[in-house]
Amino acid sequence: MPRPLSRCARTLAGTVAAGVLLPLTALAAAPASAAEPKRAPGTVSERPADKPGKAAAQVRCASGDSALAARLERDLATALRERAGTVALGLHDRSTGTSCTLRAAEAFDSASIVKVTVFAALLWDAEREGRALTKTEEARAEASITRSDNKATSALWKQLGPKKVRAFLAAAGMHETVPGPDRFWGLTQVTAGDEQRLLDLVTRENGVLGKDSRDRLLAEMAAVVPDQRWGTPAGAPATELAHLKNGWLERDQDGWRVHSLGAFQGAGRDYTMTVLTRGNKTFAYGVDTVERLARAAHRDLGNHTAPARALPVLRGVEPPPLLAA
């Protein structure tokens, strides 16, 4: 099997469309364009948010297969060894009854992963009203998930309003999620535990989202544009279908937030994964942390004989616009 491309050899396009909606006070003045924004020595993004090894020591796994749980704990800890920043993890494999957690209840700025929640809330609300989505809603939802379009997300966020968003969160059991203030959906506070609850709703039969709604959301997550298919799919066997949504955001405090949600099905496997990070020195550093964890999880859970799926090539990203129109 060929070795994966080095981080500096990978590039990512279309980043402006995936910027998150933020209030002007949320960010300090950021460079207009920088692959790895420079900061004064000693600023938060130049130092670890956690001491090396702290995150690895807290990974906990449970499984009917005790050997698998031990192997996952060891390999996930190794993936985080010497990594700077704060990391939260959720992993659930239905086929083996295995779960792993790390800081499952710690809150993070959502960035664009909240777009899955927005689409799910839209589908849930339409089900309650006994109607199909309009063509406009369908187009906005597709753009929001597959291209991470901010304008489309802002329109859906405004349409739903805080009351309907909170009602969906309550119905979904996502009690740790706090919607962003006013129109600032990118500052929604999320946890790995709640994101795993959301992925669980999307991937199994339940009383919150019907089959048609689940199938529609999964179809859009499977159709994310190629240059945004980094993160949790790293190391996944090509025999598995990957559904994902990523988010990234740079703020003056704690540097880059880089998150990735994934649901993987096929070849007898059925598992979900959430990785949330902050305190990353650069966007690429955050992606690397996410993908180290993803490769360890896929290696332990997946088909060892199948070739790994190809990943997009990353290029340095520009900070997203402060406001989405």
[atom1] of [X] to [atom2] of [Y]: how many Å apart, nearest 0.5 Å?
| X | Y | atom1 | atom2 | result |
| --- | --- | --- | --- | --- |
| Gln58 | Leu102 | CD | CG | 6.0 Å |
| Leu133 | Arg131 | CG | CZ | 6.0 Å |
| Leu91 | Leu72 | CG | CG | 6.5 Å |
| Thr277 | Leu89 | OG1 | CG | 12.0 Å |
| Trp124 | Leu169 | CH2 | CG | 9.0 Å |
| Arg140 | Ile145 | CZ | CD1 | 14.5 Å |

Within a strict 4.5 Å, meaning less than it, do heavy atoms of the [X] and [Y] side chains meet?
| X | Y | result |
| --- | --- | --- |
| Met174 | Glu195 | yes |
| Ser110 | Gln189 | no |
| Thr86 | Arg103 | yes |
| Met221 | Leu244 | no |
| Asp215 | Lys211 | yes |

For [X], what residues pass the salt bridge (Lys or Arg N to Asp or Glu O under 4.0 Å) criterion, not counting sequence neighbours?
| X | answer |
| --- | --- |
| Asp109 | Arg251, Arg257 |
| Lys164 | Asp125, Glu129 |
| Glu138 | Arg216 |
| Asp212 | none |

With distance as the sole criterion, is a donor-acceptor pair present between the side chains of [X] and [Y] under 3.5 Å?
| X | Y | answer |
| --- | --- | --- |
| Asp93 | Ser95 | yes |
| Glu127 | Ser213 | yes |
| Lys151 | Ser154 | no |
| Arg83 | Thr289 | yes |
| Ser144 | Asp149 | no |
| Gln159 | Glu137 | yes |

Does anything in [range] pair up under disulfide bond (SG atoms under 2.5 Å apart), and if so which pairs, sequence neighbours excluded?
| range | value |
| --- | --- |
| residues 242-274 | none |
| residues 188-223 | none |
| residues 68-165 | Cys61-Cys100 |
| residues 104-219 | none |

Donor-acceptor pair, distance only, cut-off 3.5 Å: does the side chain of [X] make one with the backbone of [Y]?
| X | Y | result |
| --- | --- | --- |
| Thr101 | Ala104 | no |
| His243 | Ala263 | yes |
| Ser260 | Thr232 | yes |
| Asn206 | Leu209 | yes |
| Asp75 | Ala296 | no |
| Asp270 | Arg94 | no |
| Lys281 | Gly255 | no |
| Arg147 | Val224 | no |
| Asp182 | Phe184 | no |

Do the numbers put Arg183 on top of the ring of Trp185, so that NZ or CZ is under 6.0 Å from the six-membered ring centre and no more than 45° off the axis?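 Verdict for Trp185: no cation-pi partner in Arg183.
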Is Val116 reachable from Val178 through a run of I, L, V, M, F, W or Y residues, each pair having side-chain heavy atoms under 4.5 Å apart?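 Different clusters.
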Apply ring pair (Phe, Tyr, Trp, His ring centres under 6.0 Å) to Tyr271 and list each qualifying residue two or more places apart in sequence or on a separate chain. Phe264, His298
How far apart are the closest heavy atoms of [X] and [Y], and which atoms are they?
| X | Y | result |
| --- | --- | --- |
| Asp194 | Gly173 | OD1-O, 3.9 Å |
| Glu291 | Gly231 | OE2-N, 2.9 Å |
| Trp230 | Trp248 | CZ2-CE3, 3.3 Å |
| Pro179 | Val165 | CG-CG1, 3.9 Å |
| Leu201 | Ala172 | CD1-CB, 3.3 Å |
| Ala222 | Leu241 | CB-CD1, 4.4 Å |

Set out, in order, the CA-CA distance, both residues' side-chain angles and the distance that settles salt bridge (charged side-chain N to carboxylate O under 4.0 Å, His left out) for Arg278 and Glu106, then state yes or no. CA-CA 11 Å; Arg278 66 169 174 261; Glu106 185 156 338; 2.5 Å; yes
Can you list the steps and then say if Asp200 with Arg197 is a salt bridge (charged side-chain N to carboxylate O under 4.0 Å, His left out)? CA-CA 5 Å; Asp200 197 40; Arg197 293 181 188 97; over 6 Å; no
Among residues at least two apart in sequence or on other chains, which ones pass side-chain contact (heavy atoms from CB on, under 4.5 Å) with Ala192?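 Ala192 satisfies side-chain contact (heavy atoms from CB on, under 4.5 Å) with Ala88, Thr274, Leu276 once adjacent residues are dropped.
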Is Glu220 paired with Lys245 through a side-chain N to carboxylate O contact shorter than 4.0 Å?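 So Lys245 does not pair with Glu220 through a salt bridge.
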Any ring-ring contact (aromatic ring centres under 6.0 Å, His included) involving residues 194-224? Give me the pairs, sequence neighbours left out, ordered by first then second residue. none
Return each pair, listed once, that meets ring-ring contact (aromatic ring centres under 6.0 Å, His included) where at least one residue sits in residues 58-89; pairs must be two or more places apart or across chains. none
Go through Leu301 and Arg269 one step at a time and tell me if the side chain to side chain contact (heavy atoms under 4.5 Å, CB included) criterion holds. CA-CA 8 Å; Leu301 292 175; Arg269 306 319 300 253; 4.1 Å; yes
With side chain to side chain contact (heavy atoms under 4.5 Å, CB included) as the test, would you mind laying out the steps for Phe168 and Thr117 before giving the verdict? CA-CA 9 Å; Phe168 168 74; Thr117 298; 4.1 Å; yes
Can you check side chain to side chain donor-acceptor pair (under 3.5 Å) on Thr203 and Gln265, steps first, answer last? CA-CA 9 Å; Thr203 55; Gln265 299 170 330; 5.1 Å; no
